Amino acid sequence: MSTLIIEPDGETMLVDTGHYNDDGEYVIDYLQRHDITRIDHLVTSHNDADHIGGNAAIIDYYETEADGVGAVYDPGIAASTQTYGEYLDAIEEHDVTLYETREGDSLAFGAVTVDVLGPPEPYLENEARNENSIVLKLTYGETSFLLSGDAEDDQEAYLVERYGEQLQSTVLKAGHHGSASSSSEAFLDAVQPEAVVVSSAYDSQYGHPNDEVLQRLSDRSIPTYWTATHGDIVLVSDGSAVSVQTQAAAPTDPLALRDGDAVEPGTTGAVTERDRLGGAGTGAIDSGGSDDSIEADDKTSTGNATLAVAEVNADAEGDDRENLNDEYIVFENTGDDTLDVSGWTVADDAGHTYTIPDGVTIGPEATLTLRTGSGTGTETELYWGSGSPIWNNNGDTVIVTTDDGERVVEERY
C-alpha cells in the first residue's frame, strides 16, 4: 500500500511504499508515469515490511536519478527485518533527514494542513508497531482525509477518546487493510466518512477486507473503494468537494465489494470520476456495477459564452523540466459573449491545482493560454508558477471548476 499526496502548488508527500515483494517497482513506475520528480516528504506509517517494502529503492532512485527526498518521517519503533535494515542504510548512504514523528507534530505542506494524531507519548501496547502507526489528518478547505496506517483497536480507542469529533473526515483510509481489528464502530462513528478506501490484495491471505468491517460500513451506508477491484484510486479536492476517480468501475456497496473483477497490481490506465463528495456533489456518477462511465461535459456555457479546451501541449520541446513554459493548455471561448473566469480552478488527474486570478476574462472567439512555468500574466497568457511539469505526456485530464465549485470542463487527452 502506498499513498501519494500532491498539494496545490505541487509539493509531494508519499505515505508508505508497498510490499517488500515488489521492492518499490510498482510505486516507482506510478511516480514516473505521473512525472513526480521529487518526494518532499516520505512518511513511514510504521515499519512492517508490507509498508516499507519500497523505501530503500525509492530513496536510492530519487537521490541518484531524480531531484531527491526532502525528509523521512518515522514513528521510531524498529523492526528486525532485512527490509528495515535496507531502509535505514539508504537513509544513511544518501544523508536524508530523518525525523521521529509523534502525536502533536505537524508537517508544513503548502496549503494543506497536516496534523499528526499518533503515535502518542508514551507508546501504546508495549510499542506494538501497528498500534503506534503515524496517523495523519490532512485538511484542505472544507475537505479532509484521515490516514490511520495499521492502527488497530487500542490506537483507534485512544484516538476516539483523545480527539472525538475532531476525527471527522471526508475520506477515511481504512486501518490495517480492512482487518476486523480496525474500523471499529466507535471509530467510524467519530470519523463519519463520506467514503472509505481499502488497500489490500484481491486474494489476501488474511481475508482483507474482513466481512465484519464490510458489514459495519454497510450499516452506515458508506461507499467503499477497494484497490483490488477499483485499481488506482485518485481523490481530487478543490477545497469544497472531493472527486473520487478510479481505474475500474466496480461495486462500492461494501457487501458487494467482492463482486468486482480483480485489477492486478501495476495495471496502467486512466482513471474516471465515479463520485463527488461534499460541496456541489450530486452522488454517484457511475453506478460502479458496469463497464460504462459517465463523464462530465468538456465545455461550459454562460449566456452565449462557451469554454472549451482548444489545445494541450503536454510534451515541451527538449527536457520538460527545463522548458516549463512550452508546456501549456489553450482555452477558447467559442461563443459570442465575454466569459468571466475569475477564481476558476484548473486541475489535472494528479491533483495539481491552479486558481485563475480575479479580473480574467476571455472575449468572444478569443483564447487564453495557461503555461506551466513562471512569467508575467497578460490578457491572453497566464502562468501556473510550478517548478515542475504538470501535464502527463502519456495522457491526463484537464479539469476546470468554477468559483462556485461546479465542474465545467473535463477534457481527456
Side-chain angles (χ1 to χ4, degrees), residues 3-9 13 15 109-115 117 135-148 163-174 183 187-199 216-226 230 232-246 249 251-254 271-288 293-297 300 343-356 397 399-410:
T3 303
L4 171 67
I5 306 152
I6 305 172
E7 63 89 35
D9 290 328
M13 178 183 297
V15 182
F109 193 49
V112 178
T113 300
V114 182
D115 294 311
L117 308 184
V135 176
L136 301 179
K137 181 175 180 180
L138 299 98
T139 303
Y140 178 55
E142 299 174 1
T143 65
S144 53
F145 306 82
L146 189 62
L147 310 180
S148 60
Y163 295 100
E165 64 182 18
Q166 297 177 53
L167 295 174
Q168 289 184 3
S169 301
T170 312
V171 179
L172 168 68
K173 191 166 186 293
S183 303
F187 188 67
L188 291 174
D189 290 341
V191 179
Q192 298 182 23
E194 296 181 43
V196 166
V197 174
V198 177
S199 179
R216 292 173 205 151
L217 298 173
S218 178
D219 290 344
R220 291 160 179 78
S221 301
I222 303 174
T224 303
Y225 296 84
W226 185 22
H230 289 95
D232 293 339
I233 299 169
V234 177
L235 307 170
V236 181
S237 170
D238 61 8
S240 62
V242 176
S243 168
V244 183
Q245 305 168 17
T246 70
T252 59
D253 178 345
V271 295
T272 298
E273 186 174 68
R274 312 294 177 184
D275 199 356
R276 286 182 68 78
L277 311 173
T282 57
I285 291 178
D286 190 298
S287 66
S293 63
I294 302 172
E295 299 177 8
D297 197 353
T300 186
W344 291 20
T345 61
V346 182
D348 69 343
D349 276 337
H352 301 102
T353 303
Y354 170 81
T355 301
I356 298 174
T397 308
I399 303 165
V400 180
T401 307
T402 70
D403 53 349
D404 293 327
E406 178 186 359
R407 176 172 294 199
V408 292
V409 171
E410 183 171 333

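Reckoned from all heavy atoms, side chains included, excluding hydrogens, waters and symmetry mates. Note that this is a predicted model, so its numbers are computed, not measured.
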* Step-by-step side chain to side chain contact (heavy atoms under 4.5 Å, CB included) determination, Ile399 to Asp238 -> CA-CA 11 Å; Ile399 303 165; Asp238 61 8; over 6 Å; no
* Take Arg407 and Arg276 through the test side chain to side chain contact (heavy atoms under 4.5 Å, CB included) and record every step on the way to the result. => CA-CA 10 Å; Arg407 176 172 294 199; Arg276 286 182 68 78; 3.3 Å; yes
* Checking side chain to side chain contact (heavy atoms under 4.5 Å, CB included) for the pair Leu235/Val244: CA distance, chi angles, key distance, verdict? -> CA-CA 5 Å; Leu235 307 170; Val244 183; 3.9 Å; yes
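Atom CH2 of Trp344 is separated from atom OG1 of Thr401 by 10.0 Å, given to the nearest 0.5 angstrom. Rounding to the nearest 0.5 angstrom, the gap separating the CD1 atom in Ile5 from the CG atom in Leu136 is 7.0 Å. Note: Leu167 CG to Asp189 CG = 11.5 Å, rounded to the nearest 0.5 Å. For the atom pair OG1 (Thr113) and OH (Tyr140), the distance works out to 11.0 Å, reported to the nearest 0.5 Å.
The closest side-chain heavy-atom distance from Thr397 to Glu410 is below 4.5 Å. By the 4.5 Å heavy-atom criterion applied to side chains, Leu146 and Pro193 are not counted as neighbours. A 4.5 Å side-chain heavy-atom check between Glu7 and Asp9 finds at least one atom pair inside the cut-off. Contact annotation: the side chain of Val112 approaches that of Pro8 to within less than 4.5 Å [non-hydrogen atoms, C-beta and beyond]. Contact of the Met13 side chain with the Val114 side chain is registered, since non-hydrogen atoms from C-beta on lie closer than 4.5 Å.
Tested against Thr224 for a side chain to side chain contact (heavy atoms under 4.5 Å, CB included), the candidates Val197, Thr252, Leu217, Leu172 yield a single pass: Leu217.
Taking the side-chain contact (heavy atoms from CB on, under 4.5 Å) definition, one finds that Gln192 meets it with Gln168, sequence neighbours left out. Every residue two or more places apart in sequence or in another chain that forms a side-chain contact (heavy atoms from CB on, under 4.5 Å) with Ser218 is listed here: Gln215, Asp253, Pro254, Leu255.
Panel note: side chain Thr170, backbone Ser144; a donor-acceptor pair is recorded below 3.5 Å. Checking side-chain atoms of Lys137 against main-chain N and O of Gln166 turns up a donor-acceptor pair under 3.5 Å. Under a 3.5 Å cut-off, the side chain of Arg216 and the backbone N or O of Ser183 do form a donor-acceptor pair.
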